[in-house]
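Before any comments, here is the structure.
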Amino acid sequence: MKKISRFLDTASTQSFSILGVSGTRALLGFVGFMYYASQYGDRSYLFGPDSVLPWREFVSQLQDNGTFSLYAFSNSEAWFQIVFHLGMLTALAVTCGVGGRLVLALHWVLLWSIYQRQPVLLDGGDNLAYVVIPMLLLTRCYGRLSFSTGVARKVSRRMPSMVKALSHPLHNLGILAIAAQICLVYVVSGLYKVQGKVWQDGTALFYVLRLSEFELPGVSELVYQNEFLVFLGTYSTTIFLVYFPLGILVPRLRPWAALASMSFHLAIGVFMGLTSFALTMMACDLIFLSGALDTALKRCSSLFRRLRSSDARERQSVVVPVSPPPAAQSQPRPATVSSDG
């Protein structure tokens with residue numbers, strides 16, 4: 001009981017995982033920016049008014065789904081270009097940490113809009129981004145890895161003390177919500193796989209890597225032709241997904257579980273080509289690595305300061321020989337003229 005009360009007191013007066021959640025914000029912004037950049041050359045063909053999905057059909061789909069998109073407000077080419085480039089610049093601003101929560105909320109609206117415009121290009125990372133970005137609005141995700149303009153500091157000074165006191169618990173609530181969402185994704189995915197026959201007999205990886213959508217030419221064959229790798233990859237995936245939350249609950253295992261998760265999704269991004277999904281999951285895993293990243297940055301900065309100080313001492317210890325000034329040469333005296341005639 002004392003530990004719980006102590007934890008609640010700390011959670012109401014101190015913000016946790018600021019570096020990790022700042023990395024989550026930056027990486028999610030980068031995923032959005034790369035989505036715009038990767039489709040930039042074909043933007044009119046994919047998202048424009050006269051794209052492969054005609055504008056009227058797109059608006060009809062939105063009405064059937066009961067959702068919205070900024071691209072549905074007008075079918076003019078100028079409006080499309082404005083919204084598209086605004087979304088690209090907003091994603092870049094979120095990546096660099098400019099604009100604060102207002103820009104982050106705008107990024108969510110613009111990202112939702114372009115994802116709804118062409119759903120066939122999505123790989124699953126969009127679903128997690130829809131849920132996580134509103135949670136980031138509760139957190140101090142601009143506390144690190146951002147460019148401060150001083151506006152937020154001026155606004156915070158004018159806020160009532162009661163509102164300032166809520167910043168810490170709201171931040172920690174957002175962190176807890178993101179962590180619970182990630183654990184839920186892992187557990188549901190793991191339990192779903194356990195019920196499948198190909199996952200039970202250890203052959204699921206064989207069938208997955210043979211699909212043309214998820215095949216990496218020249219590499220996938222080396223994996224699915226090896227029975228041991230297929231067996232190991234199938235069962236280790238299931239075990240990892242089901243028991244990931246247990247590793248997060250143990251503080252000593254938390255960094256290792258997060259690193260294992262990032263390695264797992266890195267492999268998904270490379271072998272299966274689900275880059276957006278993999279980077280989105282890795283971005284959310286950063287909240288579990290905040291303490292380890294903070295320690296690593298402190299050690300790197302300490303090592304850098306030591307190297308600089310030792311280099312400065314070496315420069316001071318080097319004595320530069322100074323050559324003595326040349327001896328003054330005696331000039332000949334002028335001859336005196338005698339006054340005797």
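The figures that follow rest on heavy atoms only: side chains count, while hydrogens, waters and symmetry mates do not.
No continuous path of ILVMFWY side-chain contacts below 4.5 Å connects Val270 to Leu222, so the two sit in separate hydrophobic clusters. Phe277 and Leu184 fall into different hydrophobic clusters, where Ile, Leu, Val, Met, Phe, Trp and Tyr residues are linked whenever their side-chain heavy atoms come under 4.5 Å apart, directly or through other members. Hydrophobic clustering of Ile, Leu, Val, Met, Phe, Trp and Tyr side chains at less than 4.5 Å, counting indirect connections, unites Val120 with Val59. Ile114 and Leu89 fall into different hydrophobic clusters, where Ile, Leu, Val, Met, Phe, Trp and Tyr are joined by side-chain heavy atoms under 4.5 Å apart, directly or via other members. Both Val198 and Phe206 sit in one connected hydrophobic cluster of ILVMFWY residues. Membership requires side-chain heavy atoms under 4.5 Å apart, directly or through other members.
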Notebook entry, point to check: So Val185 and Met281, side chain to side chain contact (heavy atoms under 4.5 Å, CB included) or not? Walk me through it.
Noted result: CA-CA 10 Å; Val185 170; Met281 292 297 296; 4.2 Å; yes
Note to self: Walk me through whether Val94 and Trp108 qualify under side chain to side chain contact (heavy atoms under 4.5 Å, CB included).
What the structure shows: CA-CA 10 Å; Val94 171; Trp108 184 88; over 6 Å; no
Item checked: Pair Ser261-Met282, side chain to side chain contact (heavy atoms under 4.5 Å, CB included): steps then yes or no -> CA-CA 7 Å; Ser261 175; Met282 292 169 68; over 6 Å; no
Check: After noting the C-alpha distance and the side-chain angles of His265 and Phe244, does the key distance pass the ring-ring contact (aromatic ring centres under 6.0 Å, His included) rule?
Finding: CA-CA 13 Å; His265 287 102; Phe244 174 81; 8.7 Å; no
Note to self: The test is side chain to side chain contact (heavy atoms under 4.5 Å, CB included); show your working for Tyr142 and Ser22 and say whether it passes.
What the structure shows: CA-CA 6 Å; Tyr142 284 85; Ser22 299; over 6 Å; no
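At distances below 3.5 Å, at least one donor-acceptor pair connects side-chain atoms of Trp55 with backbone N or O atoms of Ser74. Put simply, the side chain of Thr95 gets close to the backbone of Gly29: a donor and an acceptor are under 3.5 Å apart. Counting only distance, with no hydrogens or angles, the side chain of Ser17 and the backbone of Ile287 share a donor-acceptor pair below 3.5 Å. Put simply, the side chain of Ser220 never gets that close to the backbone of Pro217: no donor and acceptor are under 3.5 Å apart. A donor-acceptor distance shorter than 3.5 angstrom exists from the side chain of Asn65 to the backbone of Gln61, with no hydrogens or angles considered. Checking side-chain atoms of Asn75 against main-chain N and O of Pro49 turns up no donor-acceptor pair under 3.5 Å. No donor-acceptor pair under 3.5 Å is formed between the side chain of Ser290 and the backbone N or O of Leu286. A donor-acceptor distance shorter than 3.5 angstrom exists from the side chain of Gln200 to the backbone of Val194, with no hydrogens or angles considered.
Contact check for Thr90 versus Val109: no side-chain heavy atoms found under the 4.5 Å cut-off. Phe68 is listed as a side-chain neighbour of Ser113, based on a closest heavy-atom distance under 4.5 Å. A heavy-atom distance below 4.5 Å is found between the side chains of Leu289 and Met262. The shortest distance between side-chain heavy atoms of Asn226 and Val230 does not fall below 4.5 Å. With a 4.5 Å cut-off on side-chain heavy atoms, Met34 and Thr275 do not count as touching. Counting heavy atoms from C-beta on, the side chains of Ile175 and Phe16 never come closer than 4.5 Å. Between Val21 and Arg140 there is no side-chain heavy-atom pair separated by less than 4.5 Å. With a 4.5 Å cut-off on side-chain heavy atoms, Arg25 and Ile133 do not count as touching.
Here the shortest heavy-atom pairing between Met88 and Phe33 reads O-CD1, 3.6 Å. The two residues Leu46 and Gln118 have their closest heavy-atom pair at O-NE2, 2.8 Å. Nearest heavy-atom pair, Arg101 versus Thr139, reported as atom, atom and distance to 0.1 Å: NH2-O, 2.6 Å. Considering every non-hydrogen atom in both Leu111 and Gly32, the closest pair reads CD1-CA, 4.1 Å. The shortest heavy-atom contact between Ala93 and Val103 is CB-CG1, 4.0 Å. Of all the heavy atoms in Pro245 and Leu241, the pair that sits closest is CD-O, 4.0 Å.
A distance of 10.0 Å separates OG of Ser76 from CD of Gln81, quoted to the nearest 0.5 Å. Here OG1 of Thr238 is found 10.0 Å from CG of Leu205. Values are rounded to the nearest 0.5 Å. Atom CG in Leu86 sits 11.5 Å away from atom NE2 in His107 (nearest 0.5 Å). Here the CG-CD1 distance, from Leu279 to Ile268, works out to 11.5 Å after rounding to the nearest 0.5 Å. One finds the CD1 atom of Ile82 at 10.5 Å from the CD atom of Glu77 (value rounded to the nearest 0.5 Å). To the nearest 0.5 Å, atom CZ of residue Phe240 and atom OG of residue Ser263 are 8.5 Å apart.
Below 30°, between 30° and 60°, or above 60°: for Tyr130 and Trp112 the angle between ring planes is between 30° and 60°, a tilted geometry. By the 30° and 60° cut-offs, the orientation of the rings of Tyr36 relative to Phe84 is perpendicular.
At a cut-off of 3.5 Å, with distance as the only test, no side-chain donor of Trp199 or Thr237 sits close to an acceptor on the other residue. Between Ser51 and Arg117, the side chains place a donor N or O and an acceptor N or O closer than 3.5 Å (distance only, hydrogens not considered). For the 3.5 Å distance criterion, the side chains of Asp201 and Thr203 qualify, holding a donor opposite an acceptor.
No more than 12 heavy atoms of other residues, nucleotides or ligands lie within 6.0 Å of CZ in Phe30, so this atom counts as exposed by the packing criterion. Other residues, nucleotides and ligands place more than 12 heavy atoms under 6.0 Å from the CD atom of Glu221.
Aromatic ring centroids of Tyr115 and Tyr35 lie under 6.0 Å apart. Under the 6.0 Å cut-off for aromatic ring centres, His85 and Tyr40 qualify, their centroids lying closer than that.
A side-chain contact (heavy atoms from CB on, under 4.5 Å) with Ile178 is found for one member of Val131, Leu128, Leu136 and no other, namely Leu136.
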